[in-house]
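Nothing here was measured: the structure is a model prediction, and the numbers come from that model.
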Amino acid sequence: MDRTNAMVMQERPERSAVGTNPLFAIQASTLAVSKLSAREEEEVLAFLLEHVERTFGMIGFIRSNGIVSPHNRGTFYACRNAEGELEGVALIGHATMLEVRSDAAIIEFARIAQECADVFMLFGEQEDVRTFWSYYSDHGEQQRLYCRELLFEHRSPVERGEAVAGLRLATVDDLELIVPVHARTAYEESGINPLDVDPDGFRKRCARRIEQGKTWVWIENGKLIFKAEVVTDSPDVIYLEGVDVHPDERGKGYGLRCISQLTDMFLERTRSVVLLVNEKNRDARRFYEKAGYGLIGYYDTIFLQQQIN
């Protein structure tokens with residue numbers, strides 16, 4: 001763990017070990033959990049923005065869709081203490097993630113998730129995901145795939161190389177090129193090809209992201225050379241995923257030029273650009289380090305033993 005990540009981790013108060021404190025059940029029962037409404041958005045964002053290095057995923061959903069929206073593919077919940085203060089916020093559904101101030105809040109969210117049939121993956125900082133899973137899996141839920149992911153961040157100005165004149169926002173005319181590439185990156189991460197289980201829904205989600213101005217591409221002669229997706233776009237953090245260079249064009253410096261150009265452009269309007277890399281993908285790790293990104297955190301992703309709805 002580097003010095004930056006150690007500082008991030010120390011910001012969170014030490015918590016009791018899971019399963020060793022008999023007061024957990026009593027403490028959890030004093031918390032109130034409820035579905036969040038649109039009128040609570042400002043309060044929730046303020047809570048999440050206290051630790052953007054952990055909450056960029058939920059911030060992205062709220063910024064893009066609002067707290068209550070079918071596009072979130074899940075439901076946002078709040079966990080409050082006896083004084084009505086937020087102890088935790090969670091999105092429970094297809095992609096389940098949380099930000100908490102106590103293990104008791106994790107227990108409450110795990111109980112709600114056990115009643116949700118649509119959970120496809122759990123994602124978050126290692127400590128939180130492991131605590132969540134220890135309670136959530138009590139009902140026999142099975143892991144299909146476990147991934148350890150590394151959070152990389154860039155905050156400093158970028159020394160650009162030769163500009164890529166063709167790097168631009170995608171249009172709906174590019175959809176047929178983008179869909180199979182984005183599906184491939186999803187398959188490489190989750191082991192499930194969304195075009196096999198939810199082709200219409202997947203295409204609509206790709207199209208919506210394009211319409212929102214969040215997909216960047218470089219296309220030459222009908223070939224998608226480079227692609228990147230902006231998931232979270234805020235003054236505090238921009239989170240990228242789905243970064244891909246065409247297999248035939250790798251090793252030529254194209255990806256480095258594109259990611260450097262995007263990063264520099266984004267840092268003109270945000271404090272931080274972050275992205276996740278699968279721990280096993282050593283080539284990607286070296287690529288982002290060369291682009292000036294630094295490791296700041298460790299995350300767990302658990303894919304459940306079920307099909308996408």
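More than 12 heavy-atom neighbours from other residues, nucleotides or ligands sit within 6.0 angstrom of NZ on Lys252. Tyr146 OH: more than 12 foreign heavy atoms inside a 6.0 Å radius. Within 6.0 Å of NZ on Lys204 lie no more than 12 heavy atoms contributed by other residues, nucleotides or ligands.
Salt bridge annotation for Glu289-Arg286: absent, with no cationic side-chain nitrogen under 4.0 angstrom from a carboxylate oxygen. Electrostatic pairing of Arg205 and Glu229 does not count as a salt bridge here, judged by no charged N lying under 4.0 Å from a carboxylate O. Of the charged side-chain nitrogens involved, at least one lies within less than 4.0 Å of a carboxylate oxygen, so that Asp300 and Arg130 count as a salt-bridged pair. With respect to the salt-bridge test (charged N to carboxylate O, under 4.0 angstrom), the residues Arg54 and Glu127 do not qualify.
Between Phe202 and His182, the ring-plane angle classifies as parallel under the 30° and 60° cut-offs. Note on ring orientation: taking the six-membered ring where Trp is involved, the planes of Phe123 and Tyr299 are parallel (angle under 30°, cut-offs 30° and 60°). Ring geometry for Phe120 versus His94: interplanar angle under 30°, hence parallel rather than tilted (30 to 60°).
Residues Val179 and Val197 do not share a hydrophobic cluster, clusters being chains of Ile/Leu/Val/Met/Phe/Trp/Tyr side chains in contact below 4.5 Å. Linking ILVMFWY residues whenever their side-chain heavy atoms come closer than 4.5 Å, directly or via other members, leaves Val181 and Ile225 in distinct clusters. The hydrophobic cluster containing Val273 does not contain Val217, counting ILVMFWY residues as joined when their side-chain heavy atoms lie under 4.5 angstrom apart, directly or transitively. Hydrophobic clustering (ILVMFWY, side-chain heavy atoms < 4.5 Å, transitive): Ile210 and Trp218 are in distinct clusters. Linking ILVMFWY residues whenever their side-chain heavy atoms come closer than 4.5 Å, directly or via other members, leaves Leu175 and Leu169 in distinct clusters.
Although no hydrogens or angles enter the test, the distance criterion places a donor-acceptor pair under 3.5 Å between the side chain of Asn72 and the main chain of Ile67. In this structure, His246 contributes its side chain and Asp248 its backbone to a donor-acceptor pair below 3.5 Å. Remark: the backbone N or O of Trp133 is paired with a side-chain donor or acceptor of Ser137 at under 3.5 angstrom.
Distance check, rounded to the nearest 0.5 Å: CD1 of Ile62 to CD of Glu41 gives 6.5 Å. Thr75 OG1 to Leu36 CG: the interatomic distance, rounded to the nearest 0.5 Å, is 10.0 Å. Expressed to the nearest 0.5 Å, how far CD of Glu108 lies from CG of Leu31 amounts to 6.0 Å. Distance check, rounded to the nearest 0.5 Å: CG of Leu48 to OG1 of Thr55 gives 5.0 Å. Here the CD1-CG distance, from Ile192 to Asp198, works out to 11.0 Å after rounding to the nearest 0.5 Å. Taken to the nearest 0.5 Å, the CG atom of Leu224 stands 8.0 Å off from the CG atom of Asp174.
Contact detail for Ala183 and Asn193: the closest heavy-atom pair is CB-OD1, 3.7 Å. Closest approach of Ser134 and Thr131 over heavy atoms only: OG-O, 2.6 Å. When every heavy atom of Lys214 is checked against every heavy atom of Val231, the shortest pair comes out as NZ-O, 3.8 Å. Smallest separation of non-hydrogen atoms from Val89 and Val44: CG1-CG1, 4.0 Å. Between Phe56 and Thr232, the shortest heavy-atom distance links the atoms O-OG1, 2.5 Å. Closest approach of Leu304 and Arg144 over heavy atoms only: O-NE, 3.2 Å.
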Open item on the list: Would Lys280 and Glu189 count as a salt bridge (Lys or Arg N to Asp or Glu O under 4.0 Å) here? Give the steps.
Closed with: CA-CA 11 Å; Lys280 296 180 180 179; Glu189 184 67 20; over 6 Å; no
- [ ] Would you please test Asp244 and Arg250 for salt bridge (Lys or Arg N to Asp or Glu O under 4.0 Å) and show each step?
- [x] CA-CA 10 Å; Asp244 184 81; Arg250 294 173 185 173; 3.3 Å; yes
Open item on the list: Applying side chain to side chain donor-acceptor pair (under 3.5 Å) to Arg208 and Asn65, what does each step give before you reach the verdict?
Closed with: CA-CA 11 Å; Arg208 185 169 186 268; Asn65 310 322; 2.8 Å; yes
Open item on the list: Is there a ring-ring contact (aromatic ring centres under 6.0 Å, His included) between Phe152 and Tyr293? Walk through the geometry before answering.
Closed with: CA-CA 6 Å; Phe152 280 82; Tyr293 283 77; 7.4 Å; no
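For the side-chain contact (heavy atoms from CB on, under 4.5 Å) with Asp233, the qualifying choice from Gln212, Arg269, Arg63 is Arg269, the only one to do so.
At a threshold of 4.5 Å between non-hydrogen side-chain atoms, the residues Cys79 and Phe109 count as touching. Contact check for Tyr77 versus Leu98: no side-chain heavy atoms found under the 4.5 Å cut-off.
There is a side-chain donor-acceptor pair under 3.5 Å between Glu40 and Ser37. A side-chain donor-acceptor contact under 3.5 Å links Thr301 and Glu149. Tyr136 and Thr96 share no donor-acceptor pair across their side chains, judged by distance under 3.5 Å alone.
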